[in-house]
Engineer: 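Can you read through this structure? Questions will come right after.
Every chain is numbered from 1 and lettered A, B, ... according to where its sequence line falls, protein lines coming before strand lines. What you see below is based on every heavy atom in this structure, not just the backbone, and it leaves out hydrogens, waters and symmetry mates.
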Amino acid sequence: MDLIIPVPPRFNFWATVYSHGWCALPPFHVDKNERTLRLVVPNGHGGNDSLTLHDTKAKLTASLDNGGDASPDRVTNISNSVSSVLRLRESFDPFYAEAKRYPRYRWMVKRGAGRLLRCPTVFEDVVKMICTTNCSWALTEIMVQALVTKLGSRVRDGVQSFPSPETLASCSEAFLRREIRCGYRAPYLLELSRKIAGGTLEIEKWRTSDEPTEELFIQVRSIKGVGEYAAGNILKLLGRYDYLGLDSWSRGKFYEIFRKGRKVKDSTIERHYARFGRWRGLFMWMDMTKDWHEREFPL
DNA sequence: GCGTCCAGGTCTACC
DNA sequence: GGTAGACCTGGACGC
């Protein structure tokens with residue numbers, strides 16, 4: 001079954017897929033030659049659907065890989081999930097209007113860059129973000145790969161889902177340390193999963209919350225294992241760009257781009273981006289990743 | 001092959 | 001409020 005997903009003007013599929021490292025973490029799978037992105041979305045009835053997204057000339061196609069009937073409910077769920085993952089229903093007009101004011105940032109308008117890929121659920125985004133803290137990217141990949149292969153459900157041959165909160169909640173800390181290699185993060189992941197599975201924490205609502213960003217930041221930050229860096233970046237995936245979410249890599253990039261490699265305080269970086277108001281976190285990320293865009297997708 | 005050191009965010013205890 | 005140390009892993013390095 002193939003579905004045509006409507007996309008907004010200026011939407012750039014590849015700039016969104018490669019907007020940050022998430023596309024390299026399963027269940028996402030990128031085929032560069034075929035120019036497709038595979039993803040696994042919960043179907044709302046305890047199961048999952050595997051989709052392959054294919055972009056051709058202002059048209060986005062979602063192919064359902066695991067068979068079954070195309071019920072109206074299922075079609076709606078797939079359409080909503082893809083729109084959420086690729087941020088198709090968010091307006092970036094104010095962001096591009098701001099970008100046009102600065103010659104340095106007009107490339108983002110030209111390329112349709114700015115949409116950050118996110119997972120089908122907030123839970124998956126938060127768990128993965130915790131797995132990026134205090135370790136190399138290689139270790140993040142090991143942890144996420146293990147979560148999917150050891151705890152995910154089989155969707156079709158060779159494709160497994162990201163584990164649900166209930167599945168993660170049922171694990172022991174020793175299992176997570178030994179098999180998932182997540183070390184001291186194990187109790188954090190367990191606490192998060194058990195609160196969600198027990199119904200005392202509802203993080204899926206965050207994507208549609210109309211609470212002020214500062215209030216949302218406090219809630220995100222209250223998750224054990226989520227500090228300033230992780231909370232700032234989780235907020236970006238919720239469509240709030242008021243925090244920078246600095247880590248050692250982005251600090252280094254800033255020093256390299258704006259200070260000829262000289263170190264500066266975080267407050268200096270904050271001041272540098274303050275002019276961009278509520279979009280400052282996204283402007284910063286665009287500076288950090290401009291070279292990826294130029295290298296991976298030359299115009 | 002083995003041991004040691006270091007980098008990477010967050011939490012907690014302490015001042 | 002600020003700071004030091006612990007947490008855990010993979011990778012780099014020296015032997």
Engineer: Same cluster for Phe92(A) and Met288(A) if Ile/Leu/Val/Met/Phe/Trp/Tyr side chains link at under 4.5 Å?
Structural biologist: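 Same cluster: Phe92(A) reaches Met288(A) through Ile, Leu, Val, Met, Phe, Trp or Tyr contacts under 4.5 Å.
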Engineer: Expressed in angstrom and rounded to an integer, what is the separation of Arg177(A) atom CZ from dG10(C) atom P?
Structural biologist: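 Spelled out: CZ on Arg177(A) to P on dG10(C) is 13 Å.
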Engineer: Nearest whole Å is fine: how far is dT9(C) P from Ile180(A) CD1?
Structural biologist: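 Rounded to the whole Å, the gap is 12 Å.
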Engineer: Kindly indicate, with the supporting measurements, whether the criterion side chain to side chain contact (heavy atoms under 4.5 Å, CB included) is fulfilled by Glu270(A) and Leu244(A).
Structural biologist: CA-CA 8 Å; Glu270(A) 297 277 356; Leu244(A) 301 187; 3.8 Å; yes
Engineer: For nucleotides 8-15 of chain B, just jot down a letter per nucleotide in 5' to 3' order: B, S or -, based on protein non-hydrogen atoms under 4.0 Å.
Structural biologist: BBSSS---
Engineer: Could you list all the ring pair (Phe, Tyr, Trp, His ring centres under 6.0 Å) pairs where at least one residue sits in residues 131-190 of chain A, not counting sequence neighbours?
Structural biologist: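 Listed once each, the pairs would be none.
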Engineer: On DNA chain C, does the nearest nucleotide to Ala138(A) precede the nearest nucleotide to Gly183(A) from the 5' side, or the other way round? Give the residue.
Structural biologist: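 Going by which nucleotide is closer to the 5' end, it is Gly183(A).
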Engineer: Residues two or more places apart in sequence or in another chain: which of them pass salt bridge (Lys or Arg N to Asp or Glu O under 4.0 Å) with Arg156(A)?
Structural biologist: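 Checked Arg156(A) against salt bridge (Lys or Arg N to Asp or Glu O under 4.0 Å); matches are Asp65(A).
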Engineer: Measure from NZ or CZ of Arg10(A) to the centre of the six-membered ring of Tyr96(A), then state whether that distance is under 6.0 Å and the direction lies within 45° of the axis.
Structural biologist: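 Pair Arg10(A)/Tyr96(A) counts as cation-pi.
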